[in-house]
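Worksheet for the structure shown next.
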Amino acid sequence: MLQVQRIRDHKEAFVKALKKRGMDATPVINQVLEADDNRRATQAKLDDLLAESNSLSKEIGILFKSGNAAGANALKEKTSTLKETSKALDDHLKSISKTLQDLLYTIPNIPQELVPSGQDENDNEQTLREGAIPVLEEGAMAHWELAKKYNIIDFELGVKITGAGFPVYKGKGARLQRALISYFLDKNTAACYTEYQVPHLVNEASGIATGQLPDKEGQMYHVGVDDLYLIPTAEVPVTNLFRGDLVQGADLPISCTSYTPCFRREAGSYGAHVRGLNRLHQFDKVEIVRIEHPDNSTKALEDMVEHVANILRALQLPFRILRLCGGDLSFAAAITYDFEVFSTAQDRWLEVSSVSNFETFQANRLKLRFKDTDGKNKLAHTLNGSAMALPRVLASILENYQTPQGIKIPEVLVPYCGFDMIN
RNA sequence: AGAGAGGUGGCCGAGUGGCUUAAGGCGCACGCUUGGAAAGCGUGUAUACGGUAACGUAUCGAGGGUUCGAAUCCCUUCCUCUCUGCCA
């Protein structure tokens with residue numbers, strides 16, 4: 001959510017930047033400013049009325065104490081009419097504030113200068129491409145065939161006990177999953193991210209603060225009896241750890257990493273591109289989250305991008321980095337870099353990580369502030385990224401490392417797996 | 001899950017309808033004092049919104065209600081602690 005004051009100060013620039021998302025923001029911004037004027041005027045009136053009412057109440061108290069009941073009762077008459085007016089104003093204030101907030105909820109974050117304009121993924125800008133695409137032997141298979149051949153992932157078993165999109169990993173497949181999680185967490189903690197283990201269910205307040213609720217309610221699994229939501233990403237519980245906090249400027253940056261399973265209903269997505277591990281209802285992910293001083297968030301984002309790139313280099317997977325265009329940018333992000341690994345057997349790029357700077361957009365909804373050196377409380381910047389999401393990394397390892405003898409394990413993972421070949 | 005007790009500022013803690021503008025203490029900051037420190041003394045020390053400002057308004061877990069007036073009374077709800085039950 002954007003702050004009204006910033007919209008007021010940078011109206012023209014914001015409208016221009018939002019054009020990159022293909023959005024004409026002028027009407028909604030005008031509505032916001034109008035609603036805000038209305039809100040302020042209403043509050044000023046209400047405050048005056050309440051002040052009068054408060055002082056009358058005090059007088060009444062004094063009159064009663066001094067035994068002047070008649071005088072007190074006369075004043076009571078006055079306050080009752082004040083009360084009616086203030087009640088009406090209060091209702092109006094609440095409704096106008098709600099209107100204002102609902103309007104603000106519809107405005108996405110302002111894309112940064114670097115973000116290219118564009119409609120969809122075809123307009124994304126490649127900023128880096130690295131790693132040789134392996135040449136596979138004749139008869140190379142997609143990962144879902146490899147999984148069956150080596151008996152390491154069982155999709156049918158998942159269907160039996162739960163449903164489609166809930167795979168069962170077994171034997172070396174399960175061990176490789178655990179190896180990847182440990183490897184990613186070790187890389188992240190070595191880069192000074194503090195490891196957290198967090199609940200996999202969150203309450204409504206957390207869902208609202210990070211923006212999953214109310215808009216994307218249908219995307220999350222909801223446990224009705226206890227009114228809790230299964231997390232779609234560790235971003236939700238980890239970011240909410242700091243909800244409502246006022247941290248000391250010296251404590252920044254705060255860097256966290258957390259492994260969690262992620263649960264997504266993915267309602268309405270079917271087709272050839274969602275086969276195998278490409279899109280799941282439950283998958284594992286290691287997330288990195290940073291809370292930064294506004295002056296430092298651009299640098300922090302660069303660090304995170306470099307960090308993720310280094311993990312892919314270590315795994316020796318061919319990858320590219322895309323700077324998302326305005327149209328492909330998620331609602332809350334000011335700038336996002338996607339990492340895609342080339343899956344040779346499927347002959348397509350698979351998104352394995354997405355690293356974003358949300359600036360104050362999330363922090364405003366979270367009420368996450370810090371005390372700056374000038375003593376003022378300001379909204380912090382939040383950033384997050386996957387480092388990494390497991391299924392597509394696993395898929396591309398299986399596909400790119402396949403040989404007629406079996407699937408080679410990337411060197412850095414061998415100590416974590418305890419074997420160097422799946423065959 | 002049942003019974004009981006609670007939730008007050010950065011922390012502890014008083015406060016059962018109006019001198020509460022939340023006492024008092026601790027902590028913290030600044031000043032005085034000192035050769036320097038400690039002690040002592042003094043001053044200050046929440047957040048949000050509105051206002052150029054003076055200042056005003058709101059907030060005592062959250063949300064409603066009663067009242068001219070609520071930290072205080074009533075209702076709902078969340079959380080914590082103790083005992084009982086259940087349990088990896």
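Below, chain A is the first sequence line, B the second, and so on; all start at residue 1.
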Residue A:A51, side-chain heavy atoms: nucleotide from B:G64, B:U57, B:G50 that is nearest
B:U57

Please give, in whole Å, the distance from B:U47 P to A:L368 CG?
16 Å

Taking only the P atom of each, what is the distance from B:A1 to B:A70 in whole angstrom?
35 Å

RNA chain B: 5'-proximal contact among A:Q43 and A:E52 (nearest heavy atom):
A:Q43

Does any donor atom in the side chain of A:N357 or A:E292 lie under 3.5 Å from an acceptor atom in the other side chain?
no

Determine whether the side chains of A:N188 and A:H307 contain a donor N or O and an acceptor N or O closer than 3.5 Å.
yes

Could you measure between the two P atoms, the one in B:G15 and the one in B:G4, and give it in whole Å?
24 Å

Scan every strand shown for a Watson-Crick or G-U wobble partner of B:G9, both distances under 3.5 Å, and answer none if you come up empty.
none

Side chain of A:S57: nearest nucleotide among B:A48, B:G50, B:G69?
B:G69

Who pairs with B:A39 - Watson-Crick or G-U, where each distance is under 3.5 Å
none

Verify the contact: side-chain N or O of A:N54 to OP1 or OP2 of B:U57, cut-off strictly under 4.0 Å; return yes or no.
yes

ring-ring contact (aromatic ring centres under 6.0 Å, His included) filter on A:Y401, not counting sequence neighbours, yields none

Could you work out the separation of B:G40 and B:A54 based on their C1' atoms and round it to a whole Å?
37 Å

When the distance from CG of A:D37 to P of B:G50 is rounded to whole Å, what number comes out?
11 Å

Taking the same atom, C1', in B:G69 and in B:G2, what whole-Å distance lies between them?
40 Å

Nearest-nucleotide pick for A:R369, side chain only, options being B:A48, B:C49, B:A58:
B:A48

Gap between atoms CG and P, on A:D36 and B:G51 respectively (whole Å):
9 Å

Just N and O in the side chain of A:K58: are any of them under 4.0 Å from OP1 or OP2 of B:C68?
no

Would you say A:N203 places a side-chain N or O within less than 4.0 Å of OP1 or OP2 belonging to B:C79?
no

Rounding to an integer number of angstrom, what distance separates B:U20 and B:A37 when you compare their P atoms?
39 Å

Which residue lies more 5' along RNA chain B, comparing A:N377 with A:T79 via nearest heavy atoms:
A:N377

Mind checking A:L50 for me? I need base, sugar-phosphate or nothing, with any heavy atom below 4.0 Å counting as a touch.
sugar-phosphate

Whether A:K172 engages the ring of A:Y150 as a cation-pi pair (distance to the six-membered ring centre under 6.0 angstrom, angle to the ring normal within 45°) should be assessed.
no

Both conditions, 6.0 Å and 45 degrees, for the charged tip of A:R178 above the ring of A:Y183: are they met here?
no

Watson-Crick or G-U wobble mate for B:C68, both contacts under 3.5 Å:
B:G18

Sort out the partner of B:U52 for me: Watson-Crick or G-U wobble, both distances under 3.5 Å, none otherwise.
none

Figure out the CD/C1' separation between A:E59 and B:U67, and round it to whole Å.
18 Å

A:R21 (side chain) donor-acceptor with A:L329 (main chain) under 3.5 angstrom:
yes

Taking a pair to mean Watson-Crick or G-U wobble geometry with both distances below 3.5 Å, B:U59 pairs with B:A46

Report the nucleotide, chosen from B:U57, B:C49, B:U67, that has the shortest atom-to-atom distance to any side-chain atom of A:R39.
B:C49

Taking atom C1' in both B:C26 and B:C79, what distance in whole Å separates the two?
26 Å

Interatomic distance where NZ belongs to A:K78 and C1' belongs to B:U67 [whole Å]:
19 Å

Out of B:A58, B:G51, B:G56, which has the shortest distance to the side chain of A:R40?
B:G51

Mate of B:A88 across any strand shown (Watson-Crick or G-U wobble, both atom pairs under 3.5 Å) is none

Flag the pair A:K45 and A:D48 as a salt bridge only when some basic side-chain nitrogen lies within less than 4.0 angstrom of an acidic carboxylate oxygen.
no

Before accepting this row, confirm whether a basic side-chain N of the pair A:D123/A:K20 lies closer than 4.0 Å to the acidic partner's carboxylate O.
no

Look at A:K94 and B:G63 and indicate whether a side-chain polar atom (N or O) is within less than 4.0 Å of OP1 or OP2.
no

To the nearest angstrom, the CG-C1' distance between A:D90 and B:G63 comes to 14 Å

What is the distance, to the nearest angstrom, from the CZ atom on A:R243 to the C1' atom on B:A62?
13 Å

Return the value, rounded to whole Å, for the distance between atom NZ of A:K378 and atom P of B:A48.
13 Å

Please give the distance between the P atoms of B:G10 and B:U34 as a whole number of Å.
36 Å

Between B:C49 and B:G85, how far apart are the C1' atoms? Round to whole Å, please.
49 Å

